Amino acid sequence: MKESAKNKSKKLVLVSQGQDKQKSGSPPRSNGMRLADFIRENAQQIVSEWESFARTMAVADHHMTPLALRDHIHEILAFVVSDIETPQTGSEQKQKSRGEKKKNSPPTAAETHAALRLAAGFDIDQMVSEYRALRASVIKLWSKANTSMNGADITDLTRFNESIDQELAESVSHYTQKVSYSKDLFIGILSHELRSPLNVISMSIRLMLNMGALAERQAMLATQISESTSRITEIINNLLDVTRARFGSGLPIIRATMDIGFISRLLVNEVQAAHPTRTINLSVSGNLKGKWDKARIGQVFSNLIGNAIQYGFRDSPIGVMVRGAPHEVIVSVHNEGIPIPPGKIEGLFDALTRAVTDSGDHPEAVNLGLGLYITKEIVISHGGTIDVASSEEDGTTFTARFPRSV
């Protein structure tokens, strides 16, 4: 917790004095002293062990100076010492154990430590491991020096663990807030800073094409620009969806009464028009009405049918089946093609993966592999499930289930 500059300075001096008394590598001294005093006396050895542990981690910045590795550790130890020595009621202890104790104005030493570790390339697991190492180091040194503990020592140890937990909670909270801010910034850049100029390009190209004053070559180039702009916009939208899903906020779903059968016909006709040489067979049956997100359901059909066209044999038809069951609507998309290896099925719906990488049969397969990941997230956001079965005999079938109510 952050305190006044005078008190903070006093605590830092207490730890600093301990560094002068205890040389690194010397055996820890206890002689029955309380844990707070022991930490003061052995501060340098504790910090040295922490620094050594931090150096074992593989982070982006491989040339961190000792000062950077030790950043705010003395202040964290100073807080721990002060917290152990501060009287605490049972109510305050309960409040702290629940993470409900109020902080003074930030940034605290733990929060600053989290910000610097994030900037240095430490992931959150590595930062948590640092606190685990600090806890283990202090307890190990103290247990070695103080072989017979009494009730006061147990109380000190309990208070010590509470303090470390509090510092860890502050660091984790601040780290995740910083990451969340970065996510929001990334989404903001994608949604506004990139899409706005793309919209201007797209509108300008459409206006040029509608004017009809272009030569044949110019019209062809303008059409290519328009198609590429649409493709970039689609990639940005996919990245936005992936970013929302992977950072835990989920995909936004707006439910309204709709007919999945109508959407299936619309999307099949749309994809068929884009791929006139491919055959797409649609089978629709049962009650297909319910409350889902119309646009998102359209994404599912577009992604699954597009995936089937991309990885299916060119001379084999694509089968799309939509069937209404009592409590759900089942959507299946089937294609004949190279089967998905069993070892790859488990990670098939992860981002940045693809089922097949055969550049000979599928030269157009250069996408980022976001479609199936987004499809899975859409289905999950509707409370449903999606799976895939693939073999040489039966081909590949993706099956998504959309509950009528959740």
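Please read these numbers as outputs of a predicted model, since none were measured by experiment.
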* Would you find more than 12 non-hydrogen atoms of other residues, nucleotides or ligands less than 6.0 Å from M203 atom CE? -> no
* To do: May I ask you to test the Y131-H113 pair for a side-chain heavy-atom distance under 4.5 Å?
  => yes
* **Parallel, tilted or perpendicular, as decided by the 30° and 60° cut-offs, for the rings of F402 and H382** => perpendicular
* Asked: Given side chains that start at C-beta, do those of W142 and N42 come closer than 4.5 Å, heavy atoms only?
  -> no
* Is M208 close to I205 at the side-chain level, that is, under 4.5 Å between some pair of heavy atoms? -> yes
* Structure fact -> side chain to side chain contact (heavy atoms under 4.5 Å, CB included) filter on H334, not counting sequence neighbours, yields E336, T397
* For residues Q88 and E162, report the shortest heavy-atom separation together with the two atoms involved. => NE2-OE1, 3.2 Å
* Nearest heavy atoms of P339 and S390, plus distance in Å -> CA-OG, 3.3 Å
* Taking NZ, NE, NH1 and NH2 as the nitrogens, is one of them in D37 or R40 under 4.0 Å from a carboxylate oxygen of the other? -> yes
* Asked: Is it the case that more than 12 heavy atoms not belonging to I254 sit under 6.0 Å from its CD1 atom?
  -> no
* Asked: Is any NZ, NE, NH1 or NH2 atom of the basic residue among R132 and D125 found under 4.0 Å from an Asp or Glu carboxylate oxygen of the other?
  -> no
* Asked: Can you list the residues that meet the salt bridge (Lys or Arg N to Asp or Glu O under 4.0 Å) rule with R401, with sequence neighbours excluded?
  -> E328
* Please name all residues satisfying side chain to side chain contact (heavy atoms under 4.5 Å, CB included) with N210, sequence neighbours left out, ordered by chain then number. => none
* Which atom names give the shortest non-hydrogen contact between T86 and R159, and what distance separates them? -> O-NH2, 2.8 Å
* Asked: Closest approach of G312 and R278, non-hydrogen atoms and distance?
  -> O-NH2, 3.6 Å
* When you look at V268 and F301, which way does the side-chain contact (heavy atoms from CB on, under 4.5 Å) test go after all the steps? -> CA-CA 8 Å; V268 165; F301 276 100; 5.6 Å; no
